[in-house]
There are 2 protein chains.
Amino acid sequence: MTQAERSLQLTNALRDAGVRITRQRAALLEVLSVADDHPDAIELHRRAEIASPGISLSTVYRTLTALEEQGVIHRHQFEGASARFEHANADHHDHMIDVETGEVVEFCSERIEKLQAELAKELGYEIVHHRMELYVRKTQN
Amino acid sequence: MTQAERSLQLTNALRDAGVRITRQRAALLEVLSVADDHPDAIELHRRAEIASPGISLSTVYRTLTALEEQGVIHRHQFEGASARFEHANADHHDHMIDVETGEVVEFCSERIEKLQAELAKELGYEIVHHRMELYVRKTQN
DNA sequence: TTTCATGCAAACGATTTGCAGGGGT
DNA sequence: ACCCCTGCAAATCGTTTGCATGAAA
């Protein structure tokens with residue numbers, strides 16, 4: 001499936017869910033699908049203005065909330081920073097945040113996930129979702 | 001060592017670090033050392049008012065920041081909630097948050113910690129600190 | 001043509017801060 | 001005495017919301 005097909009499929013699904021695809025929303029969807037980093041609302045606003053000049057910050061926030069509710073994007077609240085977003089089409093993963101640069105690296109560990117589930121079960125719980133963030137620094141040499 | 005001795009030792013250490021022990025701070029330290037839950041600033045303010053009537057919320061916030069800087073307490077930013085605090089005299093642990101009740105359960109896994117360190121190392125990082133939160137629900141039956 | 005979405009400005013809630021007076025040490 | 005700490009009120013910052021207008025469907 002090409003990128004254009006995937007994009008069309010997504011907008012159709014959103015329309016079916018009652019989410020109107022306006023110029024502003026199309027711009028944000030494009031910006032999000034292209035992004036390979038984890039931008040915050042302000043940065044997304046900046047990027048969306050290129051395709052949709054005059055788009056307001058409230059629209060950005062409202063759209064991000066709507067897309068999150070539809071499961072199209074994920075919202076992350078890293079320490080001491082405003083919320084950062086990413087497209088949800090990748091597999092589940094967790095994050096390492098470079099404390100010097102703010103750069104985010106994705107990683108995944110089946111083994112950790114399994115241990116988490118076991119620990120929860122032992123205490124009589126099931127996991128609804130989890131958050132695991134490693135605040136890291138580049139090792140010398 | 002008795003509780004009273006531990007408390008005296010702590011206030012002496014704080015004084016040595018240049019942190020004056022005022023009536024308000026003593027009240028907060030007492031409230032924090034007695035708490036077996038993870039209260040937020042508003043709740044701590046409420047509790048501190050018993051020992052120190054009229055204590056202001058700003059003083060609570062300022063003191064919490066100071067105590068955190070001294071390593072006396074830990075600050076947790078769980079999802080969709082204001083910061084919650086706990087005394088730092090226990091061993092390292094992570095948290096499960098019951099999404100229905102907001103109740104917090106502490107847990108610890110050497111194995112997970114080890115895996116985290118390995119994963120970071122593989123990517124050329126060392127862990128400064130981490131955050132692992134399991135948002136859970138009581139299992140039926 | 002009926003909603004739902006937008007832009008603007010104002011509201012929000014948690015937390016921080018400037019200032020003048022008070023209290024540890 | 002010195003200067004840090006307090007209470008108050010106002011400021012901050014990211015985010016949300018009320019409202020009148022505009023545009024998907």
Side-chain angles (χ1 to χ4, degrees), chain A residues 7-8 10-31 38-46 48-49 51-70 72-85 102, chain B residues 7-8 10-31 38-46 48-49 51-70 72-85 102:
Chain A
S7 163
L8 182 59
L10 175 57
T11 56
N12 283 336
L14 285 170
R15 251 189 288 264
D16 291 350
V19 178
R20 291 181 182 175
I21 305 304
T22 62
R23 177 172 42 86
Q24 293 88 331
R25 288 179 175 181
L28 269 168
L29 282 168
E30 174 62 16
V31 161
H38 297 70
D40 64 9
I42 307 285
E43 178 59 25
L44 288 168
H45 180 228
R46 216 184 326 263
E49 276 208 296
S52 182
I55 180 174
S56 84
L57 186 53
S58 354
T59 295
V60 172
Y61 274 113
R62 268 190 285 236
T63 301
L64 291 172
T65 301
L67 294 180
E68 188 191 14
E69 279 167 0
Q70 296 299 320
V72 175
I73 60 172
H74 290 142
R75 178 192 302 253
H76 302 291
Q77 193 65 262
F78 300 138
E79 283 185 1
S82 38
R84 300 172 67 166
F85 302 84
Chain B
S7 161
L8 181 59
L10 176 56
T11 56
N12 283 336
L14 286 170
R15 250 189 289 264
D16 291 350
V19 177
R20 292 181 180 175
I21 305 304
T22 61
R23 177 172 43 85
Q24 293 89 331
R25 289 180 173 180
L28 269 169
L29 281 168
E30 174 61 17
V31 161
H38 297 69
D40 64 9
I42 307 285
E43 177 60 23
L44 288 168
H45 181 227
R46 216 184 325 266
E49 275 208 297
S52 181
I55 180 175
S56 84
L57 187 52
S58 355
T59 294
V60 171
Y61 274 112
R62 268 190 284 237
T63 301
L64 291 172
T65 300
L67 294 178
E68 189 190 13
E69 279 167 0
Q70 296 300 320
V72 174
I73 60 174
H74 289 141
R75 177 191 303 251
H76 301 293
Q77 194 67 259
F78 300 138
E79 283 184 3
S82 37
R84 301 172 64 168
F85 302 83

Asks: Using whole Å, report how far CG of L64(A) lies from C1' of dT17(D).
Replies: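 It works out to 16 Å between those atoms.
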Asks: Reckon I21(B) touches a base, only the sugar-phosphate, or nothing at all at heavy-atom distances under 4.0 Å?
Replies: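 Sugar-phosphate, backbone atoms only, no base.
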Asks: Kindly determine whether T63(A) and T22(A) satisfy side-chain contact (heavy atoms from CB on, under 4.5 Å), including the steps that lead there.
Replies: CA-CA 10 Å; T63(A) 301; T22(A) 62; over 6 Å; no
Asks: Does a nitrogen or oxygen in the side chain of Y61(A) sit under 4.0 Å from OP1 or OP2 of dT16(D)?
Replies: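 Negative; the distance criterion is not met.
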Asks: Is there a donor-acceptor pair under 3.5 Å between the side chain of R75(A) and the backbone N or O of A83(A)?
Replies: no
Asks: I'd like to know if the side chain of R23(A) and the backbone of S52(A) have a donor-acceptor N/O pair within less than 3.5 Å.
Replies: no
Asks: Identify, with sequence neighbours excluded, every residue that meets ring pair (Phe, Tyr, Trp, His ring centres under 6.0 Å) alongside H45(B).
Replies: none
Asks: Go through residues 73-84 of chain A and report each residue with a non-hydrogen atom lying under 4.0 Å from DNA chain C, sorted by number.
Replies: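 Close to the strand, none.
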Asks: Assign a letter to each nucleotide of nucleotides 2-9 of chain D from its 5' end: B, base within under 4.0 Å of a protein heavy atom; S, sugar-phosphate only; -, no contact.
Replies: -BBSBBBB
Asks: Please name the pair of heavy atoms, one in I21(B) and one in A26(B), separated by the smallest distance, quoted to 0.1 Å.
Replies: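 That would be CG2-CB, 4.2 Å.
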Asks: Specify the residue among R15(B) and A41(B) whose closest nucleotide of DNA chain C lies further upstream toward the 5′ end.
Replies: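 With R15(B) and A41(B) compared, the 5'-side residue is A41(B).
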Asks: Testing the basics here: between S82(B) and Q77(B), what is the closest heavy-atom pair and its distance to 0.1 Å?
Replies: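 Nearest heavy atoms, S82(B) then Q77(B): C-OE1, 3.6 Å.
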Asks: For DNA chain C, which nucleotides open and close the run of contacts to chain A, 5' to 3', at under 4.0 angstrom from a non-hydrogen atom?
Replies: dT3(C) to dA9(C)
Asks: Could you point out which residue of L28(A), I73(A), L57(A) forms a side-chain contact (heavy atoms from CB on, under 4.5 Å) with L44(A)?
Replies: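 With L44(A) as partner, side-chain contact (heavy atoms from CB on, under 4.5 Å) holds for just one option, L28(A).
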Asks: Quick one: list whatever passes ring pair (Phe, Tyr, Trp, His ring centres under 6.0 Å) with F78(A), sequence neighbours left out.
Replies: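 Ring pair (Phe, Tyr, Trp, His ring centres under 6.0 Å) list for F78(A), sorted by chain: H76(A), H95(A).
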Asks: Under the ring pair (Phe, Tyr, Trp, His ring centres under 6.0 Å) rule, collect the residues that match up with H74(A), sequence neighbours excluded.
Replies: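 H74(A) satisfies ring pair (Phe, Tyr, Trp, His ring centres under 6.0 Å) with no other residue.
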Asks: Which atom names give the shortest non-hydrogen contact between A41(A) and F85(A), and what distance separates them?
Replies: N-CE1, 4.1 Å
